[in-house]
Amino acid sequence: MTKKTIAQPPEKFTGIKETTIPLSAVGFKAVKSALTHMKNEVGIMRSIGLLAKLNQKDGFDCPGCAWPDPDEKRSFLAEYCENGAKAVAEEATKNRVSPLFFASHSINELGLLSDYELGKKGRVTQPMFLREGATHYEPIEWDDAFQRIGKTLNGLNSPDEAIFYTSGRTSNEAAYLYQLFVRQYGTNNLPDCSNMCHESSGSALVETLGIGKGSVTLDDFKHADLVIVMGQNPGTNHPRMLTALGETKEHGGKIISVNPLPEVGLKNFTHPQNPLKWLGKGNDLSDLFLQVRINGDVALLKAILILLNKKEKLNPGSVFDGEFIQKQTLGYDAFITDLEQYDLIDLVYQTGLTLAEIEEAADMIAANKKIIVCWAMGLTQHKNGVDNIREVVNLLLLMGSIGKQGAGTCPVRGHSNVQGDRTMGIYEKPSNAFLDALDSHFQFQSPRKHGYDVVEAIEAMHEKKARFFLGMGGNFISATPDTEVTAEALRNCDLTVHISTKINRSHLIPGKEALILPCLGRTEKDIQLSGEQFVSVENSMGVVSKSVGHLEPLSDYLKSETAIVAGIANATLQNSKVNWTAMAGNYDLIREAIEATIPGFENFNERVRISGGFYLPNNARNNDFSVTYTGKANFTINQVSDIMLKKDQYLMMTIRTHDQYNTTIYGLDDRYRGILNERRVVFMNQDDMNDAGLKHHDLVDLVSHFEGQERRAEQFLVIPYSIPRQCTATYFPETNVLVPLLSTARISNTPTSKTVVITVHRREK
Ligand SMILES: Nc1nc2c(c(=O)[nH]1)N[C@H]1C(S)=C(S)[C@@H](COP(=O)(O)OP(=O)(O)OC[C@H]3O[C@@H](n4cnc5c(=O)[nH]c(N)nc54)[C@H](O)[C@@H]3O)O[C@H]1N2
Ligand SMILES: Nc1nc2c(c(=O)[nH]1)N[C@H]1C(S)=C(S)[C@@H](COP(=O)(O)OP(=O)(O)OC[C@H]3O[C@@H](n4cnc5c(=O)[nH]c(N)nc54)[C@H](O)[C@@H]3O)O[C@H]1N2
Ligand SMILES: [Mo]
């Protein structure tokens with residue numbers, strides 16, 4: 001029998017070194033770091049070919065982030081960044097996890113490795129199966145694997161006992177086929193990584209503006225007077241965004257950044273693809289840095305709005321865009337009435353900033369008419385995450401800064417196709433219009449009951465209401481909150497299936513039985529019945545473009561995600577009218593079905609072949625808000641943070657290092673924060689450390705507190721850092737054990753991974 005192990009065991013310390021924090025992001029060191037990763041993982045010859053194709057119009061889409069490529073000019077050296085190159089290196093790695101590897105390592109043994117050590121083992125080469133009670137995975141033929149899945153699915157009491165998760169790298173074609181299969185099977189249980197990511201953005205934006213996506217294009221950055229970057233660390237997570245911010249500055253625009261940490265990329269930036277600038281000091285990006293307390297953003301925005309409202313009242317028409325408000329919006333009066341009830345000094349106190357700093361921000365906003373607000377996880381992963389974003393929209397509406405050039409919303413997406421997956425119907429709460437289109441095109445009755453999101457799916461498995469889990473990509477156990485609770489949930493399943501490129505921790509927390517189905521990555525050639533295929537993806541700004549792999553697949557056993565879905569569908573569905581084999585044999589047929597069922601994809605096969613792709617329709621960009629539930633853009637009334645900390649408690653945000661892609665750990669450094677070779681650190685304010693009697697490098701345990709429950713993560717090193725009082729930061733996934741499953745954002749149900757209430761306990765070394 002397999003013995004249950006701790007899902008995320010505390011790792012050994014790796015030997016911390018600290019360096020000075022670099023003055024600027026990107027630049028020569030970034031290029032050097034990228035090339036070193038490529039050389040070590042991929043080999044130098046393959047690397048050169050790969051980098052030449054990365055984000056080029058005839059190449060493949062970078063599996064890193066969803067930041068768009070320039071519509072026209074693409075840099076000669078290639079449109080890549082350090083972390084994009086690392087993402088490619090991880091996928092194109094020479095390292096292989098073969099059946100022999102699995103035969104010589106039990107799952108419990110592998111579970112003791114750190115995420116870094118595990119990831120470095122490389123790509124899975126063959127389908128693998130873990131029998132009930134077995135300690136080791138063994139190889140299995142594809143057909144057997146499909147039959148086992150079909151048999152399990154057909155043996156469930158109801159299709160709603162199955163969970164079908166998706167991560168955001170899956171192509172449009174695979175995602176579309178996958179959701180079609182899941183709905184023909186009979187459930188809307190399609191949770192995805194978005195539930196933990198930009199769900200708060202989607203919820204807020206649909207309600208207020210009628211579209212869950214951002215409104216700006218890359219070109220808008222050249223026209224903006226002011227860009228506000230809130231809760232985002234682009235230097236690490238979206239390095240190519242720094243180029244766009246650089247262009248804002250070149251055109252005379254200003255930048256405000258709002259973050260509890262002075263993130264390097266936002267302060268200073270040296271363009272990596274311009275060798276002449278490597279030598280220089282770099283560009284000062286932020287004109288104003290507001291070091292807000294964690295979850296102080298609604299308070300900050302309200303304070304700014306109060307100051308703007310005062311100016312407007314003194315001199316009507318001088319600040320707000322009265323004509324826009326009158327014509328295009330609803331709810332202005334109620335919003336202002338609510339705003340005026342707040343006490344400015346209270347709000348200022350909650351932000352941790354000074355009134356003077358907030359006044360400076362308000363002056364900059366008042367003076368500028370074309371404003372873009374960018375944000376990421378620093379705004380979405382809080383209990384009032386939806387409020388955060390609705391308050392951002394309030395600001396833009398007041399200023400009339402939407403639906404015109406150089407202005408609008410910019411939620412910066414994470415995974416390279418997370419936005420496309422939603423467009424394709426990967427959603428647990430699909431609209432009736434979408435389901436009606438599927439039903440009439442494919443002649444079946446799709447289920448109408450909404451499905452489980454990520455948190456609900458974990459609860460359902462935990463309560464044994466769900467007994468089957470399939471992950472289309474991703475690393476469910478490490479990405480989700482409350483690691484040990486999620487592990488119990490997965491272990492309750494009859495069968496867990498992971499369609500993956502690389503080995504990860506989710507493979508080691510099996511249901512009674514488990515399958516790993518290895519798939520092709522973006523970088524690899526995809527040959528099907530009708531010949532070589534390409535796929536399509538949608539970036540953060542709604543551009544759909546094609547992505548073609550160039551490398552020989554690393555093993556003959558790999559199948560495309562699309563082919564795997566078709567295999568599962570054929571083995572599961574008896575009376576489907578869909579020709580799954582034909583669709584997976586020729587992706588043009590999938591694109592025809594997409595065109596027939598999803599608005600905006602007219603002439604899809606033709607337009608996707610045009611170099612650079614095409615924009616999907618976007619009502620907010622076009623200043624048309626008739627699709628919201630009121631027919632207008634909506635002002636909203638939002639809540640400030642209600643978290644009350646006790647004297648010895650801190651707020652903890654779980655963030656990414658410079659050397660990881662979500663749960664994939666590229667390396668052990670966080671170069672831009674001056675930490676090398678160690679991940680088990682907790683950043684604290686020096687004054688808090690003094691009060692608590694803690695010293696640099698003290699060894700501590702972290703305990704989280706939620707509704708009387710305690711969760712513990714052991715062994716972290718204290719690092720004094722520039723961070724507001726009572727705020728701390730740690731790296732995920734190590735501290736996911738502290739994030740309570742049921743602590744989620746109102747409306748979006750996103751785990752509150754940026755506001756975990758903790759205490760810090762010193763232990764003897
Ligand atoms: N190299 C690399 N690229 C990536 C990823 C990766 O892991 N590695 N992940 C991808 C994915 S899926 C995503 S979603 C994005 C994530 O991109 P980010 O959202 O930039 O990632 P995080 O590390 O979560 O950083 C959150 C930022 O918000 C700040 N923050 C935290 N709490 C608050 C708050 O209350 N208020 C404010 N104003 N700021 C706050 C943190 O200090 C940090 O700078 O990146 C994508 N790109
Ligand atoms: N505490 C805390 N938790 C968080 C976050 C946080 O900020 N703090 N961030 C959340 C966010 S924003 C997100 S998006 C989620 C991420 O959640 P996930 O998307 O589930 O996690 P990833 O780490 O991106 O998934 C990595 C795995 O995907 C597989 N993979 C890579 N490429 C491919 C491919 O092309 N096809 C297939 N089939 N598989 C592939 C590999 O096996 C790899 O191990 O995590 C969330 N969890
Ligand atoms: Mo994400």
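Numbering of ligands and ligand atoms starts at 1, following listing order.
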### Query
If you measure every N/O of Tyr666 against every N/O of ligand 1, is any gap under 3.5 Å?
no
### Message
If the contact criterion is a heavy-atom separation under 4.0 Å, does His658 count as touching ligand 1?
### Response
no
### Query
Is it true that atom NZ of Lys502 has more than 12 heavy atoms of other residues, nucleotides or ligands lying nearer than 6.0 Å?
yes
### Task
State plainly whether the residues Glu263 and Arg673 are in salt-bridge range, i.e. N to O under 4.0 Å.
yes
### Query
Are Arg746 and Asp387 ion-paired here, with the side-chain N under 4.0 Å from a carboxylate O?
yes
### Query
Under 4.0 Å from any heavy atom of Cys519, which atoms of ligand 2 are there?
36 (N), 37 (C), 38 (N)
#### Entry: Per-atom contacts, ligand 2 versus Tyr165 - under 4.0 Å to a heavy atom
17 (O), 18 (P), 19 (O), 20 (O)
Nitrogen or oxygen of [X] less than 3.5 angstrom from that of ligand 2:
X      : answer
Met472 : no
Glu561 : yes
Ile499 : yes
Arg169 : yes

### Message
To check your reading of the model: name the closest protein heavy atom to atom 1 (N) of ligand 2, its residue, and the distance in Å.
### Response
Asn736 OD1, 2.5 Å
### Query
So which of Glu524, Gln660, Met377, Arg656 gets nearest to atom 9 (N) of ligand 2, if we judge by its closest heavy atom?
Arg656
### Query
Arg522 and Glu91: salt bridge (charged side-chain N to carboxylate O under 4.0 Å, His left out), yes or no, with the steps?
CA-CA 8 Å; Arg522 284 269 171 86; Glu91 183 176 299; over 6 Å; no
